[in-house]
Amino acid sequence: MTSSNAFSALAPYGWDEAWAEQFAPHDSEGLLPGRVVRVDRGQCDVVTAGGVVRADTAFVTPHDPLRVVCTGDWVAVEPGGNPRYVRTCLPRRTAFVRSTSSKRSEGQILAANVDHAIVAVSLAAELDLGRIERFLALAWESGAQPVVVLTKADLVPDATALSYLVQDVETIAPGVPVLTVSALYGEGLDVLVALAAGGTSVLLGQSGAGKSTLANALVGQDVMDVQAIRDMDGKGRHTTTTRNLLALPGGGVLIDTPGLRGVGLWDAETGVGQVFSEIEELAQRCRFHDCAHESEPGCAVLAAVDAGELPQRRLESYRKLMRENQWIVAKTDARVRAELRRDWKRKGAEGKAAMELKRGRWR
Ligand code: GDP
Ligand code: ZN
């Protein structure tokens with residue numbers, strides 16, 4: 001298999017020049033590039049140019065739980081062998097990490113190299129802006145570009161009402177495209193398909209938000225139903241039997257793992273700043289640089305609330321999210337976090353700027 005063959009076979013899974021360059025030293029060692037489509041207790045399925053292979057992760061199972069191979073990782077696998085081993089994992093561009101609530105308080109890696117975090121929000125219920133802010137925070141923290149998709153738009157037939165809802169979300173989501181989709185009538189799906197074509201996406205959102213429906217629309221068949229066919233492993237736990245990473249017919253890749261779907265508390269301090277960028281901007285004009293915006297004299301944030309420029313609700317969400325995050329952050333190892341953040345901060349800023357430039361396309 002020549003490198004150029006590998007290139008065209010893996011391009012649908014997100015392989016690009018930069019990955020190829022990073023992989024070059026492993027290529028000369030005779031290893032194969034591939035992307036992890038599923039991880040499963042010491043083993044993983046890796047899509048390579050020659051198809052999906054099963055590989056053992058013993059070489060890439062460090063003590064640090066955030067360095068454990070996960071769905072979306074690009075890896076170097078041995079060309080054969082029984083077992084065949086994953087030899088190395090390429091440095092991640094982005095990663096979704098969950099802070100566990102266990103006493104050990106170690107993070108858990110859920111998905112790697114995600115470009116778009118698609119936050120599904122149902123229009124069937126009243127918008128919960130605080131919850132959307134929370135999903136956006138975790139998306140920014142991962143390094144991925146968030147996108148809000150308001151689903152079930154057919155339930156809001158009045159165009160003016162719909163545009164107000166979009167505006168409500170836009171005000172709390174600076175730098176985030178907001179789309180409306182009706183899977184029922186196929187409306188708005190073309191825009192989502194085009195967006196997903198530009199990289200690797202994950203679907204986030206509450207249960208019932210319409211994630212499976214969107215996934216089916218993107219994949220073009222009822223893959224998620226297939227995914228729902230579960231078998232019982234030896235411990236009596238349910239495990240999914242299909243892969244968690246799919247190349248989309250319209251281009252791009254979708255990662256959909258049970259862990260990502262059931263996500264609860266998230267570690268998203270940097271993300272909070274991005275979601276509440278207007279508050280962070282105001283805060284720079286506070287008299288005290290460590291102002292808590294509670295009752296301090298010369299507080300520019302409180303002044304903006306008084307002047308009616310900043311909704312009180314918005315300030316309350318900000319405080320709530322900051323409090324939650326401080327609690328989570330305190331539980332998570334500082335070194336690991338610093339390491340993970342290094343590149344993502346830069347990525348997040350770049351991605352946000354690029355997305356703002358492109359925004360017009362999605363409106
Ligand atoms: P998930 O839990 O986030 O995966 O949500 P599902 O995709 O399972 O959707 C939840 C419910 O919303 C299902 O009953 C869907 O049929 C319904 N639903 C999804 N998309 C639409 C839509 O565009 N319009 C309407 N009216 N219902 C939808
Ligand atoms: Zn202040």
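For ligands, and for the atoms within them, numbers begin at 1 and follow the listed sequence.
- For ligand 1, the atoms lying closer than 4.0 Å to a non-hydrogen atom of Q206 are 3 (O).
- At least one heavy atom of A209 sits closer than 4.0 Å to an atom of ligand 1.
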Exercise for review: Kindly determine whether T200 and R93 satisfy side-chain hydrogen bond (donor to acceptor under 3.5 Å, both in side chains), including the steps that lead there.
Suggested key: CA-CA 11 Å; T200 298; R93 293 181 186 171; over 6 Å; no

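- Classification of the H293-Y318 ring pair by plane angle, with boundaries at 30° and 60°, yields tilted.
- Taking a 4.0 Å cut-off on heavy atoms, G208 registers as neighbouring ligand 1.
- Residue-to-ligand polar distances keep L155 apart from ligand 1: every N/O pair is separated by 3.5 Å or more.
- Under 4.0 Å is where a charged nitrogen must lie from a carboxylate oxygen, and between E133 and R313 at least one such pair does.
- Evaluated for a side chain to side chain contact (heavy atoms under 4.5 Å, CB included) with V148, the options T180, I118, I172, V121 yield exactly one hit, V121.
- Neither Y164 nor V176 shares a network with the other; the hydrophobic side chains, linked directly or stepwise wherever heavy atoms of I, L, V, M, F, W or Y lie under 4.5 Å apart, form separate groups for each.
- Grouping Ile, Leu, Val, Met, Phe, Trp and Tyr residues whose side-chain heavy atoms lie under 4.5 Å apart, directly or via other members, places L184 in a hydrophobic cluster with Y185.
- Each protein N/O/S atom under 2.8 Å from the Zn ion (ligand 2) was counted, for a total of 4.
- Heavy atoms of T151 stay at 4.0 angstrom or farther from ligand 1.
- Heavy-atom proximity to S182, at under 4.0 Å, picks out these atoms of ligand 1: 23 (O).
- Near S212, meaning under 4.0 Å from any of its heavy atoms, are these atoms of ligand 1: 1 (P), 4 (O), 7 (O), 8 (O).
- For ligand 1, the atoms closer than 4.0 angstrom to any heavy atom of K211 are 1 (P), 3 (O), 4 (O), 5 (O), 7 (O).
- The pair D40-R38 meets the salt-bridge criterion, since a charged nitrogen lies less than 4.0 angstrom from a carboxylate oxygen.
- Using cut-offs of 30° and 60° for the angle between ring planes, the F23 and W15 rings count as perpendicular.
- Looking at I255, T71, L138 one by one, the single match for side chain to side chain contact (heavy atoms under 4.5 Å, CB included) with F96 turns out to be L138.
- Nearest-residue assignment for atom 7 (O) of ligand 1 (options T213, L204, V181; heavy-atom criterion): T213.
- The part of D154 lying near ligand 1 is the side chain, judged by heavy-atom distances below 4.0 Å.
- No path of Ile, Leu, Val, Met, Phe, Trp and Tyr side chains, each step under 4.5 Å between heavy atoms, connects L282 with F288, placing them in separate hydrophobic clusters.
- To the nearest 0.5 Å, atoms CG (L32) and CG (D27) are separated by 9.0 Å.
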